[in-house]
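Only one structure is covered here, and it is reproduced in the block below.
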Amino acid sequence: MLLRLLIGLSLCLVSGVARAECRLGGIDAWPERASVHLPAGHGAGPMPLVILLHGSTGTGAQMLRDSHLAETADRHGFVVAAPDGGIAADRGYVWNIPGVPTVAGTLPPENARDDVAYLTGLIDRLVDTGCVDGKRVYVTGLSGGGRMASWLGCVAAERFAAIAPVVGLRAGRPLASDPTQADPATCRPDAPLPVLAFAGDVDGTNPITGGGAPYWRYAQAAALQRWAVLNGCSEPYARNLSATVYEQGYARCRGDTTVAARVMRGGQHSWSVVDNEALWAFLSRQRR
């Protein structure tokens, strides 16, 4: 009897080691594969994961290259997954946000891939490899990818420890009766969620003051205010971080969350408004 118990215990320990070992070799066989970067010199155990979403008509591979987030991952030891959107457009892809027109000016087709289901499924597959810690999963993205990152915060908050949209912070669709405000019915996360956005104050594509395309309309400040309400924040603030960057946000939020946007003076519509080290410093403090 004792021998059987010892054998059973040893099998459990071996099984636990196997689950913890990072094996990503089978990813090339996955359908609709993403570009996945494992940090140089990574260990065998689960690591944090950053989902990196490309802008409209871009690709995951381009986003991984242009963001230089792989280099940041190598320095700090996290995985980056940069998938492609579910709707082909021009020479790349766009993301399927239900009810929100794409850059083509039309709503996503009814038969378009469910990108929320795809991205949460991608997280599950990466966790199953043993390479990713499911409690330390984050999402960021540029422009249309920032809107998709925001949408994931609205409808799948329980899967992420934080979101960090870049030139694309949203808090749901524009309100039909007043498109300068976010429609509260379209963003109802089931848990508080830390938010840090990055933007430039001369962005003419997704202006922080609002306006522009139908998918944009309301100002970044309106999105921040809505996230502050969702997170139960009570203390607005504004401060200069440097001669070129200022931060607006809210503190004293539920669950030790924060809501903030870092704005680069003279910053335009590109990843150049992001400080990758500051991005990772924020994300790495969060855990689901």
Side-chain angles (χ1 to χ4, degrees), residues 10-54 58-86 93 95 113-142 145 148-149 152-153 156-166 191 193-194 196 271 274 276-277 279-288:
S10 64
L11 288 174
C12 287
L13 290 173
V14 170
S15 175
V17 170
R19 284 195 298 272
E21 186 177 355
C22 174
R23 293 184 177 181
L24 204 59
I27 194 170
D28 288 340
W30 294 357
E32 300 177 300
R33 72 183 190 186
S35 296
V36 177
H37 177 81
L38 284 179
H42 67 86
M47 295 169 282
L49 167 67
V50 175
I51 300 290
L52 175 64
L53 305 178
H54 62 75
T59 68
Q62 292 169 351
M63 191 72 253
L64 188 61
R65 178 196 67 206
D66 296 344
S67 69
H68 299 286
L69 208 56
E71 291 95 318
T72 311
D74 287 341
R75 286 192 295 274
H76 297 286
F78 60 89
V79 180
V80 184
D84 291 339
Y93 302 88
W95 298 100
R113 185 184 74 187
D114 182 337
D115 278 337
V116 173
Y118 167 68
L119 291 168
T120 54
L122 175 62
I123 293 167
D124 289 338
R125 293 198 293 274
L126 287 167
V127 170
D128 286 346
T129 66
C131 298
V132 166
D133 179 353
K135 294 185 179 297
R136 293 184 291 167
V137 177
Y138 317 99
V139 61
T140 184
L142 174 72
M148 188 66 204
L152 288 167
E158 74 282 357
R159 302 305 305 274
F160 299 95
I163 64 171
V166 177
L193 185 66
L196 178 62
W271 192 267
V274 180
N276 281 5
E277 290 295 319
L279 170 66
W280 177 244
F282 163 74
L283 295 177
S284 64
R285 293 193 298 268
Q286 318 304 329
R287 193 179 186 93
R288 174 53 69 193

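Owing to the predicted nature of the structure, the values given are computational and were not obtained by experimental measurement. The analysis underlying the following values was restricted to heavy atoms, covering all of them including side chains, and did not include hydrogens, waters or symmetry mates.
Taking CD1 from Ile123 and CG from Leu126, the interatomic distance works out to 8.0 Å, rounded to the nearest 0.5 Å. Distance OH/Tyr118 to CG/Asp84: 7.0 Å, rounded to 0.5 Å. Note that CG of Leu49 and NZ of Lys135 are 15.0 Å apart. Values are rounded to the nearest 0.5 Å. The structure places OG of Ser67 at 4.5 Å from CG of Leu52, a figure rounded to the nearest 0.5 Å. Interatomic distance, Thr140 OG1 to Trp271 CH2, rounded to the nearest 0.5 Å: 3.5 Å. For the atom pair NE2 (His68) and CG (Asn276), the distance works out to 8.5 Å, reported to the nearest 0.5 Å.
Shown here for Ala149 and Gly141, the closest heavy-atom pair between the two residues is CB-N, 4.4 Å. Across Gly134 and Val127, no two heavy atoms sit closer than the pair CA-CG2, 3.9 Å. In terms of heavy-atom proximity, Ala157 sits nearest to Gly153 at CB-O, 3.3 Å. Shortest non-hydrogen contact noted between Pro39 and Ala73 is CB-O, 3.3 Å. Of all heavy-atom pairs spanning Pro48 and Gly77, the tightest one is CD-O, 3.7 Å. Shown here for Thr120 and Ala156, the closest heavy-atom pair between the two residues is CG2-CB, 4.3 Å.
With sequence neighbours excluded, the residues forming a side-chain contact (heavy atoms from CB on, under 4.5 Å) with Ala162 are Tyr138, Pro194, Phe282, Leu283, Gln286, listed by chain and number. The side-chain contact (heavy atoms from CB on, under 4.5 Å) check on Ala61 picks up Ser35, Thr59, with sequence neighbours excluded. Among residues two or more places apart in sequence or in another chain, the ring pair (Phe, Tyr, Trp, His ring centres under 6.0 Å) test is passed with Phe78 by Trp280.
Proximity of Arg287 to Asp133: side-chain heavy atoms (C-beta onward) are separated by under 4.5 Å at one or more points. At a threshold of 4.5 Å between non-hydrogen side-chain atoms, the residues Leu279 and Leu69 count as touching. Side-chain atoms of Leu119 and Trp95, non-hydrogen and from C-beta on, do get closer than 4.5 Å to each other. Using a 4.5 Å heavy-atom cutoff, the side chains of Leu193 and Arg288 are in contact.
A salt bridge (Lys or Arg N to Asp or Glu O under 4.0 Å) check over residues 61-77, counting only residues at least two apart or in different chains, returns the pairs Arg75-Glu277. Here salt bridge (Lys or Arg N to Asp or Glu O under 4.0 Å) pairs that include residues 115-124, with residues two or more places apart or in two chains, are Arg113-Asp115, Asp124-Arg159.
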message = Apply side-chain contact (heavy atoms from CB on, under 4.5 Å) to residues Leu152 and Leu53 and explain how you reach the verdict.
response = CA-CA 11 Å; Leu152 288 167; Leu53 305 178; 4.2 Å; yes
query = Run the side-chain contact (heavy atoms from CB on, under 4.5 Å) check on Cys22 and Met47 step by step: do they pass?
reply = CA-CA 9 Å; Cys22 174; Met47 295 169 282; 4.2 Å; yes
request  = Show your reasoning for whether side-chain contact (heavy atoms from CB on, under 4.5 Å) applies to Leu64 and Val80.
outcome  = CA-CA 8 Å; Leu64 188 61; Val80 184; 3.7 Å; yes
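At distances below 3.5 Å, at least one donor-acceptor pair connects side-chain atoms of His54 with backbone N or O atoms of Gly85.
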